[in-house]
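In what follows, a structure is listed as structure tokens, so that the remarks can point back to it.
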Amino acid sequence: MKPKVLVTREVFEEVLEYLSQYFEVTSNQSDITFDSETLASKLSDKQGAMITLTDRIDTPLLARCPNLKAVCNIAVGYNNIDLQACTNARVMATNTPGVLDDTTGDFAWTLILATARRLTEAEAYLRDGQWVGWKLKQFLGLDVHHATLGIFGLGRIGQVVARRATGFEMNVIYHDVRRATPEVEGVCQASFVSKDELLSQSDIVTVHVPYSSATHHLIGKRELEQMKPTAILINASRGGVVDDSALIEALRSGTIAGAGLDVFENEPKLNPGFLELKNVVLAPHIASSSRATRYKMALLAAQNLVAVLTGEKPPNLLNPA
Ligand code: DGY
């Protein structure tokens with residue numbers, strides 16, 4: 001008898017075919033997000049699950065899944081999983097690091113350029129039929145070239161963003177809980193500074209830290225007030241790292257010039273304040289969403305699941321085996 005696994009959201013058919021070689025697969029190609037009750041009931045007789053950041057894995061859920069051995073996130077971020085609860089329940093948790101760094105870094109740059117040059121605001125104006133001709137002072141933006149780029153978190157994705165800055169001949173500074181090695185600083189051409197220095201010196205602040213209680217509201221009212229009024233803020237990491245209400249107020253009052261956001265508190269419910277603002281570029285959590293990368297993420301999650309349920313150590317184990 002093949003082990004039973006659940007795939008909680010729509011994935012590529014090729015990935016389902018791969019899983020079917022090993023498992024009896026229950027999939028959810030209709031892609032309707034399971035509420036916690038549905039997730040628990042569907043998972044109650046399964047040995048493994050491929051999940052996404054929309055699935056919360058915690059003690060009450062695990063208590064209802066006595067056969068469960070693996071939860072494999074199709075994401076590098078794993079703040080949807082209570083790791084301690086998994087360890088207590090002897091469930092292995094995995095994520096998908098590495099395969100999405102370039103694509104996510106590219107998207108951070110998409111937001112940087114679109115926000116600095118006010119692209120979505122200008123496009124909306126044009127689509128609305130308001131454009132009557134060239135004007136010298138139309139949609140004046142922020143120059144990215146030779147600007148100072150401040151990166152919070154010089155991990156894998158932060159490093160990609162830093163390396164891309166070379167082409168724009170930027171001054172790159174970063175802050176992290178741990179200083180990077182001289183090799184990494186050299187490749188990234190990035191200088192370590194304090195949090196306060198980063199905020200006050202940067203023209204563009206971009207955030208690339210995982211979400212945790214330590215990074216909750218890393219950027220709030222105080223931090224926004226430390227930024228230059230001409231500066232922009234980019235977040236393609238996780239909602240909750242930035243205090244959305246404080247950001248809306250800062251964008252409204254001109255404390256900072258703009259923001260480019262791929263992630264939000266309480267996704268997918270957007271704070272309506274964002275929709276009233278022109279100086280914010282908004283995206284629905286798609287930074288890693290190129291076809292190639294989302295495929296690699298799903299396949300890596302599937303490989304982690306196969307490894308656990310065939311008695312191998314999974315390549316991306318998050319908690320003690
Ligand atoms: C991740 O991998 O954590 C991304 O946010 C998923 O899109």
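Counting convention: from 1, in listed order, for ligands and their atoms alike. It should be emphasised that the depicted structure is a prediction, and the values quoted were computed from it without experimental measurement.
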**Message:** Does this structure show an ion pair linking R164 with D102, if we count only N-O contacts that are shorter than 4.0 Å?
**Reply:** yes

**Message:** One thing to verify: whether D196 and R222 come together as a salt bridge, which I'm taking to mean a side-chain N less than 4.0 angstrom from a carboxylate O.
**Reply:** yes

**Request:** Select all protein residues for which some heavy-atom-to-ligand 1 distance is less than 4.0 Å, and list them by chain and number.
**Result:** L53, A75, V76, G77, L100, R238, H285, S288, R294, M297

**Prompt:** Does a sphere of radius 6.0 Å around OH in Y78 hold more than 12 heavy atoms from other residues, nucleotides or ligands, not counting ones at 6.0 Å or beyond?
**Reply:** no

**Asked** Checking D143 side chain against H146 main chain: does a donor-acceptor pair fall under 3.5 Å?
**Response** no

**Item:** Y18 and Q303: side chain donor to acceptor below 3.5 Å
**Value:** no

**Prompt:** Does a side-chain N-to-carboxylate-O contact under 4.0 Å join R238 and E265?
**Reply:** no

